[in-house]
Protein chains: 2
Amino acid sequence: MTLDERKQKVLLAIIKDYISTAEPVGSRTISKKYELGVSPATIRNEMSDLEELGYIEQPHTSAGRIPSDLGYRYYVDCLMKKKVLSNEEAESVIKGVRSKARDVGTVLQQTNKIISNITNYTSMVTGPQFRKSNLRHCQLVPLDNGKVLVVVVTDNGLIQNRLMDVPQTITDLDLQKISQVVNAKLQGLTLEDIKLTLIKEIYFELSKHKNIFDAAMDLIQETLNLNQQDKIYLSGTLNILNQPEFRDIGRVKTLLSLLEQDKVLKEILSDKVNLENGINVTIGGENKLEGLKDCSTVTATYQIDGKIVGSVGIIGPTRMDYEKAVSIMDFMTQYLSQMMKDFYGR
Amino acid sequence: MTLDERKQKVLLAIIKDYISTAEPVGSRTISKKYELGVSPATIRNEMSDLEELGYIEQPHTSAGRIPSDLGYRYYVDCLMKKKVLSNEEAESVIKGVRSKARDVGTVLQQTNKIISNITNYTSMVTGPQFRKSNLRHCQLVPLDNGKVLVVVVTDNGLIQNRLMDVPQTITDLDLQKISQVVNAKLQGLTLEDIKLTLIKEIYFELSKHKNIFDAAMDLIQETLNLNQQDKIYLSGTLNILNQPEFRDIGRVKTLLSLLEQDKVLKEILSDKVNLENGINVTIGGENKLEGLKDCSTVTATYQIDGKIVGSVGIIGPTRMDYEKAVSIMDFMTQYLSQMMKDFYGR
DNA sequence: GTTAGCACTCCAATCAGTCGAGTGCTAATT
DNA sequence: AATTAGCACTCGACTGATTGGAGTGCTAAC
């Protein structure tokens with residue numbers, strides 16, 4: 001559905017004004033603040049039409065209009081201009097991340113923080129997820145007192161370890177041998193591969209040290225699995241308390257409870273991950289979750305070697321500054337892709 | 001200061017009633033609900049006295065009375081009976097933790113969760129802190145592509161690791177040798193010991209592999225340091241939203257912002273850690289932090305081999321159910337001490 | 001020392017009245 | 001045919017007055 005030019009202008013004015021003031025906007029305001037060169041009465045007629053078409057609504061008679069979900073949708077899809085971050089802003093972002101960029105975790109966390117600070121909404125990031133990670137190395141490190149440290153490393157750099165007891169009868173040499181066998185047989189394989197065939201083979205070879213081997217396998221499995229349900233970083237949760245639409249404690253509670261659940265965050269981030277462009281906006285009632293009906297989310301993905309490996313998201317009120325949100329997401333995901341290349345790329 | 005028996009009863013009644021209803025309590029209520037055998041008028045006189053003494057106060061004329069900080073203090077110190085957890089409750093706690101008790105972190109987290117669930121307040125726990133930890137083991141694990149994994153284990157079970165690049169010219173054997181030397185020289189030592197003397201000695205021995213050794217030392221240092229500024233687990237932050245005294249968004253924000261800062265939590269937990277008994281109650285204005293003036297905290301410590309190594313804390317409104325809070329803290333710290341013995345004790 | 005009785009205070013809730021912002025309609029204007 | 005001025009109308013937000021109830025403090029009687 002396409003609107004004539006003046007209607008577009010009116011809708012745009014309403015949305016912009018409402019986004020910045022959070023108050024219903026009336027015909028007089030528009031004709032004064034935005035230069036359309038027509039009288040309030042004309043605007044009123046246009047508004048009446050726009051309301052009929054479903055793009056705006058009235059909280060009650062004798063109040064101004066506010067955009068409906070559909071109105072926002074039209075705005076995001078057709079009216080909004082893509083803004084690019086100013087050089088200054090970009091600089092400060094880059095500096096903010098670089099200064100602390102030791103490992104992937106910190107970079108993600110830092111990026112996240114910056115997003116929530118700039119936007120004043122809540123933001124979240126998932127770490128790089130690889131479809132299947134391979135076992136890179138497994139090592140049994142003997143400590144004193146019959147304790148053994150099991151270390152598992154995957155090819156995407158995840159490291160997990162666990163302390164375990166072993167009978168004193170097992171020597172360092174035994175451990176070395178186990179390590180060797182495990183590595184020789186399983187290195188480079190995915191979890192599925194490992195599960196499918198090879199275990200029996202090793203069992204045979206290592207039958208003497210069955211329980212140690214079991215423990216090691218346990219950790220390997222856990223580690224290789226862990227990637228898929230990776231950590232989600234969250235930042236700026238309390239920012240929603242600044243939004244006038246969340247002056248009600250009940251709402252705050254509902255939303256904060258949702259944000260506490262990783263499952264929910266994951267759902268938000270992975271919802272429409274397959275879209276071509278990358279940046280995706282979900283407005284108000286478009287959200288599947290009941291508790292997000294008054295919120296909008298902006299999600300995007302970042303890449304390594306052209307493959308999508310993680311996502312970034314913002315949650316704010318439906319009355320969100322979409323222009324800003326989108327432009328920041330755009331910049332940040334590009335930047336993240338860049339940074340990730342340094343860590344993982346070939 | 002000691003009060004006559006009837007005044008005590010009246011004060012107790014006011015506090016109990018106020019804790020459970022959050023409404024100022026009047027003389028009539030007391031004479032009806034609590035069996036003191038006297039008329040409202042008499043109660044009024046007593047209340048007037050109690051107010052003069054500073055134990056209760058009136059929000060405004062013609063309202064009932066509410067306990068003052070001093071009143072709560074008297075209650076906690078003199079009037080409150082120590083309750084012991086019922087067998088049922090204790091059972092369910094134990095079950096709740098046991099079922100997931102794989103490592104120390106999970107136990108602490110689980111304990112924490114249970115505390116906040118039972119009390120409906122916010123709770124926090126610090127992990128075991130040892131004054132100085134010793135290096136137990138350091139291992140360089142060669143991976144492919146010239147990557148090396150450095151693993152450091154301390155005697156209290158903390159494990160850290162880091163991936164690093166080394167020139168291809170270094171062989172597995174070199175690495176083994178470095179590991180050996182480092183372990184031989186540094187095992188069992190604290191950070192101070194290591195810093196002071198031995199480094200030069202090793203430098204000499206390993207002069208060929210200076211940069212690898214440097215990296216390893218870096219991680220060792222970091223790991224041995226890490227204990228002191230250990231992780232703090234937090235649970236049930238949103239519970240405060242259930243409290244009527246936090247119906248105001250501004251307050252919620254202040255408090256939640258405080259709880260986001262580890263520094264603040266640490267301060268709360270370590271404030272009076274040296275008291276004999278272990279369980280410590282800080283009421284309203286007794287808190288040093290301005291933002292906690294309307295809150296009370298209950299903190300306690302747990303032990304390993306008789307030494308205090310960590311603390312547990314609850315934060316709630318001043319109108320807190322101190323009896324419940326204290327009894328749960330009592331049980332939980334004992335239980336934690338018990339559990340820790342399994343992990344670390346001799 | 002205790003209590004009944006009563007005047008008094010103050011909050012909370014309710015209601016009427018007013019104001020102003022904003023609309024929708026109509027008729028006049030361009 | 002589109003635009004606009006004018007006007008009646010609606011409705012929420014605010015104001016102020018009124019009322020009811022909970023609770024106190026004081027006094028005098030028991």
Side-chain angles (χ1 to χ4, degrees), chain A residues 3-11 13-18 20-68 71 244-245 247-248 319, chain B residues 3-11 13-18 20-68 71 244-245 247-248 319:
Chain A
L3 298 173
D4 75 60
E5 205 186 315
R6 196 169 64 192
K7 281 199 178 42
Q8 285 193 2
K9 277 188 181 164
V10 172
L11 180 55
I14 293 176
I15 292 182
K16 280 197 169 172
D17 206 77
Y18 186 65
S20 71
T21 65
E23 295 289 335
V25 332
S27 53
R28 230 173 96 80
T29 317
I30 291 182
S31 114
K32 258 200 296 188
K33 277 215 280 190
Y34 303 82
E35 295 156 354
L36 298 190
V38 287
S39 79
T42 313
I43 307 270
R44 277 207 285 286
N45 289 329
E46 298 287 22
M47 284 166 95
S48 185
D49 290 351
L50 283 171
E51 181 161 16
E52 211 168 307
L53 292 170
Y55 293 112
I56 55 179
E57 46 200 31
Q58 238 178 334
H60 54 84
T61 357
S62 93
R65 306 301 215 290
I66 62 177
S68 67
E245 30 268 276
R247 232 174 290 138
D248 175 54
R319 183 186 60 78
Chain B
L3 297 174
D4 73 58
E5 204 185 314
R6 197 169 61 192
K7 280 198 179 42
Q8 285 193 0
K9 276 188 183 164
V10 172
L11 180 56
I14 292 176
I15 292 182
K16 280 197 169 173
D17 206 77
Y18 186 64
S20 69
T21 66
E23 296 289 333
V25 330
S27 52
R28 231 175 95 80
T29 316
I30 293 183
S31 114
K32 257 202 295 187
K33 275 216 280 191
Y34 302 84
E35 295 157 356
L36 299 190
V38 288
S39 79
T42 313
I43 307 270
R44 276 207 287 284
N45 291 329
E46 298 287 22
M47 283 165 96
S48 185
D49 291 350
L50 283 171
E51 181 161 17
E52 210 169 307
L53 293 169
Y55 292 112
I56 56 179
E57 45 200 31
Q58 237 178 335
H60 55 82
T61 359
S62 93
R65 306 302 214 290
I66 62 175
S68 67
E245 30 269 275
R247 232 175 291 139
D248 175 55
R319 182 187 61 79

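Just so we're on the same page: letters track the sequence lines, and every chain starts at 1.
Listed pair A:Arg6 / D:dT3 meets the phosphate criterion, a side-chain N or O lying under 4.0 Å from OP1 or OP2. Phosphate contact (OP1/OP2 of C:dG24, side-chain N/O of A:Arg65, threshold under 4.0 Å): present. OP1 and OP2 of D:dT24 both lie 4.0 Å or more from every side-chain N or O belonging to B:Thr61. Between B:Arg44 and D:dT27 there is no side-chain N or O to OP1 or OP2 distance below 4.0 Å. Contact check, B:Ser62 against D:dG23: no side-chain N or O comes under 4.0 Å of OP1 or OP2. Taking side-chain N and O atoms only, A:Thr42 has a distance below 4.0 Å to OP1 or OP2 of D:dT4.
If you take CD of A:Glu46 and P of D:dT3, they are 7 Å apart, rounded to a whole angstrom. Here C:dG22 presents its C1' atom at 13 Å from CD1 of A:Ile14, a figure rounded to the nearest Å. For the pair B:His60 NE2 and D:dA22 P, the computed distance is 13 Å after rounding to whole Å. Atom CG of A:Asp4 and atom P of D:dA2 are 11 Å apart (whole Å). Atom CE of B:Met47 and atom P of D:dT24 are 5 Å apart (whole Å). C:dC25 atom P lies 12 Å from atom CG of A:Asp49, rounded to whole Å. For A:Asn45 and C:dT23, the CG to C1' distance is 11 Å, given to the nearest whole Å. A:Ile66 has its CD1 atom 14 Å from the P atom of C:dG22, to the nearest Å.
With a 4.5 Å cut-off on side-chain heavy atoms, A:Thr42 and A:Ser39 count as touching.
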* **Test log, rule side-chain contact (heavy atoms from CB on, under 4.5 Å), inputs B:Tyr18 and B:Arg319** => CA-CA 7 Å; B:Tyr18 186 64; B:Arg319 182 187 61 79; 3.5 Å; yes
* **Evaluation steps, side-chain contact (heavy atoms from CB on, under 4.5 Å), between A:Lys33 and A:Val25** => CA-CA 11 Å; A:Lys33 277 215 280 190; A:Val25 332; over 6 Å; no
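Partner A:Asp49 forms a salt bridge (charged side-chain N to carboxylate O under 4.0 Å, His left out) with one of A:Lys7, A:Arg65, A:Arg44 and no other, that one being A:Lys7.
In terms of modelled atom types and a separation under 3.5 Å, the side chain of A:Ser68 and the main chain of A:Glu57 share no donor-acceptor contact.
Of the candidate nucleotides D:dG25, C:dG24, C:dT3, D:dG25 has the atom lying nearest to any side-chain atom of B:Ser48. The nucleotide whose nearest atom lies closest to any side-chain atom of A:Ala41 is, among D:dT4, D:dG25, C:dG24, D:dT4. Among the nucleotides D:dA5, C:dG24, D:dG23, the one closest to the side chain of B:Thr29 is D:dG23.
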